Amino acid sequence: MDDRFKHLRALAAPEPPMSIEEAVALLDPLPEHPAIEEVRAVLNRFRDALTPMDDTSRELAREGALRKLRLLGFRSAGRILETAMPAGKTRGERPTGLQEPDLWPEAVDGAVILTSLEQTLRRFVAVTQEQSALMALWTLFAHAHDAFEISPILAITSPDKGCGKSTALALLSALVPKPLTSANITPSAVFRVADTYQPTLLLDEADTFISDSEGLRGILNSGHMRSQAYVTRVTGDDHHVCMFSTWAPKAIALIGELPPTLADRSVTIRMRRRSHGEPIERLQLHRLGDMEDLRSMAARWAGDHVEDLRFVDPPIPGAITRDRARDNWRPLLAVADLAGGEWPARARASALTLTATSGNDTSMGIALLEDLRALFLARGNAKVVSEDILGHLHAMEERPWPEWRDRGPLTARQLAGILHPFGITPSKWRQDEVTRRGYDPSQFTDVFSRYLPPVPPHTPQVSFQSTCDPNLSATNQPLADPLCGDNSSLFTGVADVADAIPGVAPRKDLT
């Protein structure tokens with residue numbers, strides 16, 4: 001930049017603060033130049049538009065001006081635009097709706113406020129008792145958020161539209177502290193607003209944007225554990241390294257399922273469309289302010305008990321075996337235990353029911369391990385050839401294996417691909433002068449112990465050979481035992497697979 005632009009350099013000076021009028025005055029002596037004229041026009045448009053705008057419109061105009069100026073190479077424009085806010089709106093002041101809620105003037109009974117929250121929720125949304133209990137617990141947890149080290153996401157899902165997800169979020173927005181509702185959000189907006197305002201982030205219509213943004217998913221994931229709730233960015237002309245906090249309570253509503261990593265960090269409510277036998281009141285959005293007393297009571301209870309909640313370690317039902325699920329429910333159970341009354345028992349009943357019906361937290365790899373362990377147990381822990389495994393999996397209509405990729409069934413190569421990250425590869429062995437290729441249960445012993453819950457003690461382990469009836473011909477043996485008698489009919493597909501795999505016996509040896 002030559003001497004003609006020395007005044008532009010003055011605009012980037014950090015001191016003193018500068019109004020838009022002062023900035024435009026600095027531009028006046030400059031010679032005509034397209035870039036300078038564009039900067040002057042942007043500043044003037046922003047100045048002229050300030051007075052009639054509400055807070056939201058002003059912020060949108062400010063962001064538009066910032067983007068325009070920065071595209072022109074003027075990267076310190078924020079200093080000018082921030083000083084242009086009307087009197088009384090100072091830097092760092094929270095926008096309307098993100099202020100701390102007023103505290104109820106008297107002490108509040110925890111069990112009473114939880115029951116009141118639940119009754120309010122059930123007036124307007126069709127949910128089960130377990131689901132309404134979770135929503136009430138999560139609402140009170142949001143008020144006491146800073147007492148905990150884990151922040152479970154409240155996932156509100158449904159199979160289709162019209163199930164009440166947006167209504168549920170609207171209700172939460174009237175009950176939680178500092179609600180910020182959005183039907184779309186960028187990754188940078190999440191960490192900047194979380195770092196600046198510590199709101200309760202309520203994301204609606206997430207199925208339209210969350211799966212397409214790995215960056216957004218990563219930032220939302222980071223907010224699950226307080227010690228890791230940060231993202232690092234380089235900011236400013238001097239490339240200053242900044243850490244932004246992502247620690248804030250979050251609820252996400254969507255059609256379908258959350259991506260696996262987010263689902264793993266969530267407690268989930270699966271909503272259904274209301275039936276004719278489930279009468280509920282229609283929520284009038286302009287009446288949400290009537291719930292302000294409930295929010296004030298919840299804030300008062302949380303403020304009175306935040307230190308009591310900080311180091312509590314509530315007992316978790318033993319049936320919840322996954323560490324992440326136990327982590328997710330720990331703060332909610334802590335709230336229930338401190339609230340007292342019927343809530344400790346109700347919270348644990350909800351945890352057991354909703355965790356058992358979750359299904360979100362099982363990846364395809366874990367699902368495959370579950371199905372293989374069941375197969376090995378049914379076969380008396382004998383080696384099983386790949387073709388028999390595939391035949392078993394393809395018959396499981398409730399699982400994804402019959403229509404795996406491009407609506408075709410899972411193949412031997414894809415089976416091996418899923419197991420490879422667990423350190424398991426197909427093995428070979430000789431049986432009846434034939435080379436078999438498949439899997440030995442002994443390969444899975446360590447993997448099963450690490451990734452699956454223990455086998456219930458009553459699970460029968462039937463001997464694989466016990467189903468063979470010596471009094472029956474080979475063709476009449478039980479279908480559940482494919483190694484009984486003549487096996488030739490069982491290998492109609494193995495020859496095609498074997499021909500494509502180096503080192504496996506040719507087609508003629510398999511018949």
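What you see is a predicted model, and the numbers here were worked out from it, not measured in a lab.
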Indicate the atoms forming the closest heavy-atom contact of G365 with I418, along with that distance. CA-CG2, 3.8 Å
Do L390 and T411 touch side chain to side chain, with heavy atoms closer than 4.5 Å? no
Please check this pair: side chain of T355 against backbone of I320, looking for a donor-acceptor N/O pair closer than 3.5 Å. no
Is the backbone of Q443 close enough, under 3.5 Å, to the side chain of D440 for a donor and an acceptor to pair up by distance? no
Salt-bridged, E281 to R122, with N to O below 4.0 Å? no
Verify, without hydrogens or angle tests, whether H394 (side chain) and P409 (backbone) share a donor-acceptor contact under 3.5 angstrom. no
Does some side-chain heavy atom of T200 sit less than 4.5 Å from a side-chain heavy atom of L180? no
Assess whether atom CZ of R310 is packed by more than 12 heavy atoms of other residues, nucleotides or ligands within 6.0 Å. yes
Hey, what do you get for CZ (F444) to CG (N381), rounding to the nearest 0.5 Å? 11.5 Å
Going through the distances and angles, do M225 and E149 end up as a side-chain contact (heavy atoms from CB on, under 4.5 Å)? CA-CA 6 Å; M225 184 181 296; E149 297 301 314; 5.8 Å; no
Are side-chain N/O atoms of H420 and T425 paired as donor and acceptor at under 3.5 Å? no
T128 versus T353: any side-chain heavy-atom pair under 4.5 Å? no
Could you label the plane-to-plane angle of the Y451 and F422 rings as parallel, tilted or perpendicular, counting under 30° as parallel and over 60° as perpendicular? perpendicular
With the threshold set at 4.0 Å, does a side-chain nitrogen-carboxylate oxygen contact exist between D337 and R348? yes
Are any side-chain N or O atoms of R272 and backbone N or O atoms of C163, one a donor and one an acceptor, separated by less than 3.5 Å? no
Contact summary for I113 and L294, nearest pair of heavy atoms: CD1-CD2, 3.6 Å
ring-ring contact (aromatic ring centres under 6.0 Å, His included) for Y230 and F244? Distances and angles first, verdict last. CA-CA 5 Å; Y230 296 94; F244 295 87; over 10 Å; no
Atom CD of Q129: over 12 foreign heavy atoms under 6.0 Å: no
Do I185 and L201 have side-chain heavy atoms sitting under 4.5 Å apart? yes
Inter-residue atom distance S386.OG - Y439.OH, 0.5 Å rounding: 5.0 Å
Please assess R399 against E370 for the test salt bridge (Lys or Arg N to Asp or Glu O under 4.0 Å), listing each intermediate value before the final yes or no. CA-CA 11 Å; R399 301 293 253 182; E370 292 173 346; 3.3 Å; yes
Ionic contact status for R192 with D195, cut-off 4.0 Å: no
Any side-chain heavy-atom pair of W138 and P249 under 4.5 Å: yes
Neighbour count above 12 (heavy atom, 6.0 Å) for D323 CG: no
Rounded to the nearest 0.5 Å, what separates atom CD1 in I150 from atom NE2 in H224? 5.0 Å
With a 4.5 Å cut-off on side-chain heavy atoms, are R274 and I280 touching? yes
R322 with D264: basic N within carboxylate O range, under 4.0 Å: yes
Examine the side chains of Q228 and S222 and answer whether a donor and an acceptor come within less than 3.5 Å of each other. no
Does either side chain, that of N221 or that of T261, offer a donor lying less than 3.5 Å from an acceptor on the other one? yes
Determine, for E118 against R346, whether the closest basic-nitrogen to carboxylate-oxygen distance falls under 4.0 angstrom. yes
Would you indicate whether E214, at its atom CD, is surrounded by more than 12 heavy atoms from other residues, nucleotides or ligands within a distance under 6.0 Å? no
Quick test of your reading of the model: are E257 and R270 salt-bridged, counting only N-O distances below 4.0 Å? yes
Side chains of D204 and S166: is there a donor and an acceptor less than 3.5 Å apart? yes
Working to the nearest 0.5 Å, report the span between CG of L369 and CG of L419. 6.5 Å
State whether the side chain of S449 and the backbone N or O of D446 hold a donor-acceptor pair below 3.5 Å, judged by distance alone. yes
Can you say whether the rings of W404 and W401 are parallel (under 30°), tilted (30 to 60°) or perpendicular (over 60°)? tilted
Nearest 0.5 Å, please: how far is CZ in R295 from CD in E292? 4.0 Å
Check whether any side-chain heavy atom of K250 sits under 4.5 Å from a side-chain heavy atom of L220, and report yes or no. yes
Do the side chains of L172 and L169 get nearer than 4.5 Å, heavy atoms only? yes
OG of S158 to CD1 of I269: how many Å apart, nearest 0.5 Å? 12.0 Å
